[in-house]
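Since the model is a prediction, treat every value here as computed from it, not as a measurement.
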Amino acid sequence: MKVNLSAILLSINGEQIKQAEVVQTVGTIAVEALQIFDTRDTAISGDEKAKRWKLACRIHGQAEAEISIEEAKLIKDLVGKYYGPVIVGQVWDALEGK
């Protein structure tokens, strides 16, 4: 499935969401979520970490990317775990083609 990673994320007021003056997109959030390591989650294997790293490298800086259903689910799970509703809603919509 093709995903638009360059979609700019907006606040509930319609303003661009920025972090350290960088406008956040579906892609920046997806890459960040793939790299987050929660020290409380010790069950993540080295293979899983490597898989996340390879996906993050593949989509980093891309305006659009072809990702599998499994990869979309992984990103959705991680974004859902680490971000609030305004980010989750927009990223999930993008990953679902909305």
Side-chain angles (χ1 to χ4, degrees):
M1 73 189 315
K2 238 176 215 195
V3 176
N4 177 8
L5 299 172
S6 63
I8 295 172
L9 302 178
L10 303 174
S11 72
I12 195 134
N13 298 322
E15 299 167 355
Q16 294 179 343
I17 296 174
K18 295 181 181 180
Q19 181 178 352
E21 299 304 314
V22 176
V23 174
Q24 297 300 290
T25 64
V26 170
T28 60
I29 294 297
V31 168
E32 184 67 27
L34 287 162
Q35 295 181 79
I36 292 173
F37 177 67
D38 187 342
T39 57
R40 295 170 294 178
D41 193 356
T42 58
I44 298 174
S45 70
D47 287 339
E48 178 63 22
K49 291 175 191 173
K51 180 176 90 171
R52 291 179 187 184
W53 170 248
K54 289 175 185 173
L55 177 56
C57 288
R58 197 174 90 230
I59 67 175
H60 175 71
Q62 302 298 311
E64 194 174 71
E66 186 73 34
I67 63 171
S68 69
I69 299 292
E70 178 185 86
E71 291 168 333
K73 182 183 179 329
L74 173 61
I75 294 168
K76 284 175 67 175
D77 289 347
L78 293 170
V79 170
K81 182 174 182 178
Y82 296 117
Y83 291 92
V86 71
I87 300 286
V88 172
Q90 293 174 81
V91 171
W92 283 28
D93 280 354
L95 291 170
E96 294 170 357
K98 297 178 183 171

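For the residue pair M1 and S68, the shortest heavy atom distance occurs at SD-O, 4.4 Å. Shortest non-hydrogen contact noted between V3 and A94 is CG1-O, 4.0 Å.
For K51, the side chain to side chain contact (heavy atoms under 4.5 Å, CB included) partners two or more places apart in sequence, or in a different chain, are E48, E70, L74. Taking A65 as the reference, L5, I59, I67 meet the side chain to side chain contact (heavy atoms under 4.5 Å, CB included) condition, with sequence neighbours excluded. Not counting sequence neighbours, S11 has no partner by the side chain to side chain donor-acceptor pair (under 3.5 Å) test. The salt bridge (Lys or Arg N to Asp or Glu O under 4.0 Å) check on D47 picks up nothing, with sequence neighbours excluded. In this view, Q24 and T28 satisfy the side chain to side chain donor-acceptor pair (under 3.5 Å) rule, not counting sequence neighbours. Under the salt bridge (Lys or Arg N to Asp or Glu O under 4.0 Å) criterion, K54 pairs with no residue at all, not counting sequence neighbours. When the side chain to side chain contact (heavy atoms under 4.5 Å, CB included) test is applied to D77, the partners found at least two apart in sequence or on another chain are K73. With sequence neighbours left out, the salt bridge (Lys or Arg N to Asp or Glu O under 4.0 Å) criterion links K49 to no other residue. Partners of E32 by salt bridge (Lys or Arg N to Asp or Glu O under 4.0 Å), not counting sequence neighbours: none found.
At a threshold of 4.5 Å between side-chain heavy atoms, the hydrophobic network of Ile, Leu, Val, Met, Phe, Trp and Tyr places I44 and V31 in two separate groups. The same ILVMFWY cluster, assembled from side-chain heavy atoms under 4.5 Å apart, contains both I69 and I75.
For the salt bridge (Lys or Arg N to Asp or Glu O under 4.0 Å) condition, the pairs that include at least one residue of residues 88-98, sequence neighbours left out, are K76-E96, E96-K98.
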Show your reasoning for whether side-chain contact (heavy atoms from CB on, under 4.5 Å) applies to I36 and L78.
-> CA-CA 8 Å; I36 292 173; L78 293 170; over 6 Å; no
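Other members of the hydrophobic cluster containing I8, listed by chain and number, are L10, V23; membership follows side-chain contacts under 4.5 Å among ILVMFWY residues, whether direct or relayed.
Between atom CG of residue L9 and atom CD1 of residue I87 there is a gap of 5.0 Å, rounded to the nearest 0.5 Å. In this structure, the separation between CD on Q90 and OH on Y83 is 13.0 Å, given to the nearest 0.5 Å. If you take OH on Y82 and CG on L34, they are separated by 10.5 Å, rounding to the nearest 0.5 Å.
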Can you list, pair by pair, the side-chain donor-acceptor contacts under 3.5 Å of residues 13-22, counting residues two or more places apart and other chains?
none

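Looking only at distances, a side-chain donor or acceptor of R58 sits under 3.5 Å from a matching main-chain atom of E66.
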